[in-house]
Structure formats: structure tokens, C-alpha cells
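Inspection log for the structure reproduced underneath, given as C-alpha cells.
Note that ligands are numbered from 1 as they come in the structure, with each ligand's atoms numbered from 1 the same way.
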Amino acid sequence: MDPLSALAAARLVPVVVLDDAAHAAPLAAALVAGGLPVAEVTFRTAAAADAIAAMAARGDILVGAGTVVTPAQVDQAADAGATYVVSPGLSRAVVERCRERGVLALPGAVTASEVQAALELGLDTVKFFPAGTSGGAAAIKALAAPFGQVRFVPTGGIGPANLHEYLAVPAVAAVGGSWMVPRDLVAAGDFAAITELTADAVALARA
Ligand SMILES: O=C(O)C(=O)C[C@H](O)[C@H](O)COP(=O)(O)O
């Protein structure tokens with residue numbers, strides 16, 4: 001299954017900040033045990049590339065990179081085994097490097113002009129970030145009216161209390177968030193708690 005179809009099937013994308021790459025494999029196991037074999041490992045720490053490699057080596061989880069803002073980071077992510085690359089914003093250089101490396105590009109876009117720029121780059125799915133401060137589900141509905149061919153992955157300020165608002169929008173492919181994988185729980189190695197949070201999120205998404 002291609003990464004976009006797999007993300008759409010999962011409906012949820014855990015956004016991970018890992019301080020220690022040694023936590024990557026047990027975190028992946030916790031996500032899989034919770035019924036969500038998906039992870040977006042952000043390039044917010046120096047552990048990102050090694051963490052992606054450790055998760056990708058398992059072969060049972062869809063691993064992507066987040067917070068990717070340069071072509072060099074695309075290369076680091078692709079070399080480590082990431083199959084998709086998520087960016088806070090829209091960068092032609094990053095999208096084109098993703099295409100050259102054969103990985104899915106999911107750039108951030110929250111305005112009609114940014115969505116149009118993504119279409120011009122040959123994309124039909126964008127990350128709607130920061131969702132919570134950019135009009136939320138209503139804004140996605142508004143954009144989906146003229147851009148019927150575009151699907152959105154909202155992220156930023158989403159959690160159990162508002163998840164359904166976003167999943168109810170037909171143009172939403174999946175929802176990303178860190179609430180399933182709190183940085184402090186990961187750093188503490190509390191992977192049982194991560195499995196519980198993940199299972200709760202999966203059940204909520206299916207409700
Ligand atoms: O930097 C990136 O490329 C990102 O992936 C941004 C993150 O998706 C959001 O910062 C997650 O927002 P929360 O779920 O509210 O913690």
C-alpha cells in the first residue's frame with residue numbers, strides 16, 4: 001500500500017519528538033500494540049534520523065519524518081527509511097527533493113494560495129497546519145469547496161476533545177497529533193501508557 005493510502009486507512013498520525021533514538025524501537029512496538037502502526041518522527045531533535053532507521057528496520061510500521069524544512073533533511077529522512085516527509089510549510093525545494101528521492105511530500109498549507117501552490121507542484125494532499133489557529137475544521141470545509149480534488153491532514157491543536165470535528169470532514173484523509181505520544185512519557189520510557197493512549201485514539205477515531 002502506498003504511504004498516502006496507508007495514512008488514510010490509519011486515519012491518525014502520531015507526531016513524535018524523540019530525545020533518545022534508543023526509545024524508537026520500543027515506541028514503535030507500543031504504537032503497533034495500540035493498533036496504530038504509524039509514526040511521524042520530527043526533525044526537532046538530533047535523534048530523528050537514527051530513530052527513523054530503528055523504526056523502519058522493524059518492517060511493521062509506516063515511518064515518516066516531520067518538521068522537514070530543507071532538502072538535506074529530506075535526504076536524511078529518505079536515507080533512514082522514511083516513506084513520507086511532513087513539513088510545517090510549503091517549500092518547492094523540499095517537495096522536489098522528495099520527488100527525486102521517491103518519498104511522499106506532505107507540506108503544510110492553510111490558505112487558498114498555499115493549496116493552489118501545492119496543486120501547481122503536483123500534490124493533491126496537504127498538511128493543514130497549524131489547524132487549531134487557522135480556522136479548524138470549518139476552514140478545511142471552506143477550502144474543500146473550490147479545491148474538491150485536495151485532501152487534508154490537519155495537525156496542530158487536535159486531541160480527543162475535537163478529533164471528531166476534523167474526521168467528520170470528507171476532505172480530511174487523516175489527523176496528526178502529539179497527544180497520542182507525549183514527549184515526557186516517551187522520554188520516561190512509559191510505553192504501556194503510550195499503547196493505552198494509542199488504543200484510545202484508535203477507538204475514538206472509529207466511533
Ligand atoms: O513540525 C512539523 O512538521 C509538525 O509536524 C508540526 C506538528 O504536527 C504539530 O506541532 C503537532 O501539534 P500538536 O499535536 O498540537 O502537538
Check whether any side-chain N or O of Thr155 sits under 3.5 Å from a backbone N or O of Gly177 as a donor-acceptor pair, and report yes or no. no
of all protein heavy atoms, closest to atom 15 (O) of ligand 1 is Gly157 N, 2.8 Å
Could you check atom 10 (O) of ligand 1 against the protein and tell me its nearest heavy-atom contact, residue, atom and distance included? Arg44 NH2, 2.9 Å
Does Thr67 approach ligand 1 within less than 4.0 angstrom via side chain, backbone, both or neither, non-hydrogen atoms only? both
One pair to check against side-chain contact (heavy atoms from CB on, under 4.5 Å): Val153 and Glu40. What are the steps and the verdict? CA-CA 12 Å; Val153 181; Glu40 174 193 323; over 6 Å; no
Any side-chain heavy-atom pair of Leu119 and Gln149 under 4.5 Å: yes
Please report which non-hydrogen protein atom sits nearest to atom 8 (O) of ligand 1, along with the residue it belongs to and the distance in Å to one decimal place. Thr155 CG2, 2.7 Å
Could you tell me which atoms of ligand 1, counted from 1 in the order shown, lie closer than 4.0 angstrom to a heavy atom of Gly177? 14 (O)
Examine distances only and state if a side-chain atom of Arg11 and a backbone atom of Ala205 form a donor-acceptor pair shorter than 3.5 Å. no
Number the atoms of ligand 1 from 1 as they appear, then name those within less than 4.0 Å of a heavy atom of Glu40, with their elements. 4 (C), 5 (O)
Which heavy atom of the protein is the closest neighbour of atom 4 (C) of ligand 1, given with residue, atom name and distance? Lys127 NZ, 2.7 Å
Run the side-chain contact (heavy atoms from CB on, under 4.5 Å) check on Phe152 and Val169 step by step: do they pass? CA-CA 9 Å; Phe152 299 85; Val169 179; over 6 Å; no
The protein heavy atom nearest to atom 12 (O) of ligand 1 is Gly156 CA, 3.4 Å
Does His164 use its side chain to pair, donor to acceptor, with the backbone of Leu204 at less than 3.5 Å? yes
Looking only at protein heavy atoms, which one is nearest to atom 16 (O) of ligand 1, and how far off is it? Ser178 OG, 2.5 Å
Are Arg99 and Glu96 close enough for a salt bridge, meaning some N to O gap below 4.0 Å? no
closest protein heavy atom to atom 9 (C) of ligand 1 is Phe129 CE1, 3.6 Å
